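In what follows, every heavy atom counts, from backbone to side chain, and hydrogens, waters and symmetry copies are set aside. None of these values were measured; they are calculated from a predicted model. Within every chain, numbering begins at 1; the chains are lettered A, B, ... in the order of the sequence lines, protein sequences first and strands thereafter.
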2 protein chains.
Amino acid sequence: MVASRRPPTIQDVARHASVSTATVSRALSSPERVSVRTRERIDQAIAATGYTLNQAAQSLRRQRAKTIVIALPNVGNPFYSTILDAVVMEAGEHGYGVLVANRQPDDPIEWLRDYFFSSRADGLVLFDATLDAPALQSQLAAHGDVPFVVVADEVVEPFLNLVTSDNYDASRRAVQHLVALGHTKIGHLSGPQIGHYRNERTAGFIDAMKANDLKLCDDWLMRGNHVASSGFAAAENFLRMTNRPSALFCANDEMALGFISRVHQAGLTCPQDVSLVGFDDISMAEFLSPPLTTMRQKRNELGRLSTEALISLIEGRRKPQPPFRATLRCELVVRGSTAPPCS
Amino acid sequence: MVASRRPPTIQDVARHASVSTATVSRALSSPERVSVRTRERIDQAIAATGYTLNQAAQSLRRQRAKTIVIALPNVGNPFYSTILDAVVMEAGEHGYGVLVANRQPDDPIEWLRDYFFSSRADGLVLFDATLDAPALQSQLAAHGDVPFVVVADEVVEPFLNLVTSDNYDASRRAVQHLVALGHTKIGHLSGPQIGHYRNERTAGFIDAMKANDLKLCDDWLMRGNHVASSGFAAAENFLRMTNRPSALFCANDEMALGFISRVHQAGLTCPQDVSLVGFDDISMAEFLSPPLTTMRQKRNELGRLSTEALISLIEGRRKPQPPFRATLRCELVVRGSTAPPCS
DNA sequence: AAAGCTGATGAAATCGATTGCATGAGACCT
DNA sequence: AGGTCTCATGCAATCGATTTCATCAGCTTT
């Protein structure tokens with residue numbers, strides 16, 4: 001009712017319960033160290049005053065912000081939003097807040113310094129390590145070893161904490177699905193090549209083709225950048241081909257979406273004229289026309305696991321060495337975009 | 001290199017520049033109050049020590065966290081992710097961090113208290129006021145008038161700070177587009193009814209129909225809840241109708257997506273068998289099959305404006321009365337999902 | 001009954017930055 | 001030259017919670 005009064009502090013509670021602030025503090029953080037009788041009085045005083053802890057003061061004293069940063073290359077991407085959801089949830093359960101940092105394209109590292117050097121946050125979940133993770137590592141180490149966990153598709157330096165999907169194997173299984181349907185002419189629309197890392201999905205594709213003794217046609221290996229428009233562009237290419245593949249494995253769903261879009265415009269249909277397998281299983285995949293066959297990543301689990309690992313690292317429950325590593329298995333979801341080839 | 005050393009404080013800088021901490025503090029927050037010579041010495045000292053401000057200490061002293069909370073009903077929704085992007089960007093430019101709070105469905109208000117009562121955040125951007133905004137208002141007021149801005153489709157209580165799109169008018173224009181194509185049998189798939197508020201999009205639809213002397217058929221007024229599956233379900237309904245509308249205005253793109261999906265499954269096609277107009281222009285709308293005709297909301301602007309307003313409220317540059325109000329005009333984007341009716 | 005122990009509690013320092021008040025040096029005025 | 005004013009700067013209190021160390025009451029032990 002009475003607006004703009006300053007919120008009650010631990011002092012108010014102490015006075016109200018006729019104890020010292022030290023006792024109140026203990027009652028809150030380690031109740032077993034306070035006698036039952038005083039604890040009750042303090043509980044009452046807290047209720048009576050409507051006290052809530054001042055985070056800033058606690059952070060200052062404890063040198064811990066109870067906050068993590070989640071760094072995304074692109075919040076707008078539907079793939080990441082589900083993950084964000086899981087991260088916020090998991091962090092919340094441990095009493096941590098989640099700050100969002102959207103990547104500054106021009107400044108691969110500086111943009112993160114502020115959060116940690118100013119003790120605004122205790123750790124970082126970094127998605128999509130297209131930035132120079134080792135450089136970041138040394139930057140963060142210089143100011144007191146900020147723990148961070150990377151969630152990425154490509155396997156990065158072995159000393160990093162990493163949560164990933166079994167991209168290589170999943171890609172092999174995606175190809176296997178097409179082969180099982182009878183396809184032999186199979187193309188691939190890959191994501192971008194990141195630094196010198198092995199592109200796991202492309203590698204899986206290539207090895208699966210070899211394992212099946214299928215010809216790898218250079219024209220059928222196209223490169224995109226994970227957004228729908230690059231799938232659209234790849235389809236332009238596809239349409240110009242005189243000898244077209246009968247199936248295509250796309251490195252993510254958005255590119256598949258863009259590809260279908262262009263192919264339909266040209267009067268061809270999927271899966272009659274070309275079968276398509278995507279990757280991710282974004283929430284809309286199920287409702288596309290045709291519904292998209294795709295490799296589902298456990299996005300919830302990616303978010304949850306990485307956050308859980310980060311927090312146990314922050315709180316010292318997990319030792320920094322050896323690094324945390326987790327690989328989640330993807331799951332093939334068969335829908336309408338794949339069918340046997342129309343001879 | 002030397003890991004886990006404590007970060008330099010303002011004390012270190014002061015010592016290094018042979019001045020008091022007070023002077024360093026002033027050099028940082030109001031440089032004009034410090035002589036040029038000392039300012040230079042301080043700048044050097046800052047560079048030499050690698051000093052960065054400790055946010056927790058500043059927050060405690062200034063009673064201000066330089067952080068805002070963005071509360072979303074559902075981070076996973078692609079509509080919100082773009083907005084989040086804009087909010088993070090705008091906040092960042094003012095030096096504010098953005099905490100994400102994903103709505104707890106069971107607890108419409110409590111979930112936000114913590115952020116503010118613990119002075120973790122200075123203000124709130126609340127999306128989709130399906131929660132009881134007035135109740136929230138009084139909750140927040142009880143602990144010192146936390147400023148907040150609502151971004152919502154429906155017009156809520158006049159005393160709230162609100163950023164919105166011209167939903168009513170945009171809906172009228174959507175219908176007008178269908179009418180101009182020659183449609184007379186037009187249906188509507190609405191979003192959920194929120195409390196006692198007027199559903200702006202539905203109201204716009206109804207009034208446009210009346211203005212054109214078109215019959216409002218009860219069967220053709222369907223209700224969904226803004227997710228694709230509810231569009232899918234609505235299409236089931238549609239397919240069972242003996243007398244079907246030739247066009248449908250959907251209250252958002254996701255429902256349109258679900259609707260098309262089911263209709264295609266049944267062997268009908270859009271726009272030949274039914275024209276469809278969506279709302280929002282989510283990033284994928286352009287790449288659907290067929291590309292979706294839709295009312296584009298300026299999502300970037302919604303995010304930017306609301307954040308800007310919130311921050312000027314926090315910093316006292318804007319007076320709380322009268323409340324901030326902004327309505328953004330939507331824009332019709334004509335694509336392939338609408339066509340003249342097939343006789 | 002004296003000594004030792006345990007467990008609950010309080011006093012006060014501390015985290016790092018800000019800011020009201022005091023001080024002193026120099027500029028300016030008469 | 002004496003007095004006033006301004007500007008740059010320093011001292012020290014302060015924000016609110018935590019934590020070390022000391023104290024003291026009430027037991028147990030011999």
Side-chain angles (χ1 to χ4, degrees), chain A residues 5-43 45-46 49-67 95 114 116-120 122 143-144, chain B residues 5-43 45-46 49-67 95 114 116-120 122 143-144:
Chain A
R5 245 211 355 277
R6 292 263 306 288
T9 74
I10 201 172
Q11 320 277 348
D12 300 321
V13 177
R15 202 172 313 125
H16 200 280
S18 317
V19 293
S20 73
T21 60
T23 306
V24 178
S25 177
R26 280 187 285 254
L28 269 85
S29 49
S30 37
E32 75 283 359
R33 299 192 46 201
V34 171
S35 76
V36 183
R37 274 182 45 76
T38 18
R39 211 188 308 157
E40 275 169 6
R41 286 223 314 288
I42 291 175
D43 287 346
I46 289 176
T49 52
Y51 168 77
T52 46
L53 176 75
N54 181 315
Q55 276 279 349
Q58 191 185 56
S59 296
L60 175 59
R61 180 61 225 232
R62 285 212 172 143
Q63 307 280 22
R64 189 148 288 178
K66 278 263 188 179
T67 300
D114 279 353
F116 302 105
F117 298 3
S118 60
S119 20
R120 230 185 190 181
D122 306 320
H143 261 270
Chain B
R5 246 217 345 281
R6 292 262 307 288
T9 74
I10 201 171
Q11 320 276 349
D12 300 322
V13 178
R15 201 173 313 124
H16 201 280
S18 317
V19 293
S20 73
T21 61
T23 306
V24 177
S25 176
R26 280 188 283 255
L28 270 90
S29 49
S30 36
E32 74 284 359
R33 299 192 45 199
V34 171
S35 75
V36 183
R37 274 181 45 76
T38 23
R39 210 187 310 156
E40 275 169 5
R41 284 223 313 290
I42 291 175
D43 286 346
I46 289 177
T49 52
Y51 168 76
T52 46
L53 174 74
N54 181 314
Q55 275 280 349
Q58 191 184 56
S59 296
L60 174 59
R61 179 62 227 230
R62 285 212 173 143
Q63 307 281 22
R64 190 147 286 179
K66 279 264 189 179
T67 300
D114 279 353
F116 301 104
F117 298 2
S118 60
S119 22
R120 230 185 191 183
D122 306 320
H143 261 269

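Between Ile10(A) and Tyr51(A), the shortest heavy-atom contact is N-CE1, 3.3 Å.
Applying a 4.0 Å cut-off to non-hydrogen atoms, the residues of residues 21-32 of chain B that approach DNA chain C are Thr21(B), Ala22(B), Ser25(B), Arg26(B), listed by residue number. Contacts between residues 58-66 of chain B and DNA chain D, defined by a heavy-atom separation under 4.0 Å, are made by Leu60(B), Arg61(B), Gln63(B).
The span of DNA chain D lying next to chain B, judged by atoms under 4.0 Å from heavy atoms, is bounded 5' to 3' by dA8(D) to dG16(D).
Here the side chains of Gln55(A) and Thr67(A) are not in contact, with every heavy-atom distance at 4.5 Å or above. Here the side chains of Val36(B) and Arg39(B) are in contact, with some heavy-atom distance below 4.5 Å.
Listed by chain and residue number, Asp12(A) satisfy the salt bridge (charged side-chain N to carboxylate O under 4.0 Å, His left out) test with Arg15(A) (two or more places apart in sequence, or in another chain). Listed by chain and number, the residues in a side chain to side chain donor-acceptor pair (under 3.5 Å) with Ser119(A) are Asn54(B) (sequence neighbours excluded). With sequence neighbours left out, the side chain to side chain donor-acceptor pair (under 3.5 Å) criterion links Asp122(B) to no other residue. Every residue two or more places apart in sequence or in another chain was checked for a side chain to side chain donor-acceptor pair (under 3.5 Å) with Ser18(B), and none qualifies. Annotation: side chain to side chain donor-acceptor pair (under 3.5 Å) contacts of Thr9(B) (sequence neighbours excluded): none.
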Tabulate below the donor-acceptor pairs under 3.5 Å that side-chain atoms of residues 21-32 of chain A make, not counting sequence neighbours, or state none.
unit_1   : atom_1 : unit_2   : atom_2 : d
Thr23(A) : OG1    : Ser20(A) : OG     : 3.3
Ser29(A) : OG     : Ser25(A) : O      : 3.0

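Within the structure, the side chain to side chain donor-acceptor pair (under 3.5 Å) test picks out no pair touching residues 57-66 of chain A (sequence neighbours left out).
For the helix from dA1(C)-dT30(D) to dT30(C)-dA1(D), the rotation axes defined at the first and last 5 base pairs enclose an angle of 40°, given to the nearest 10°.
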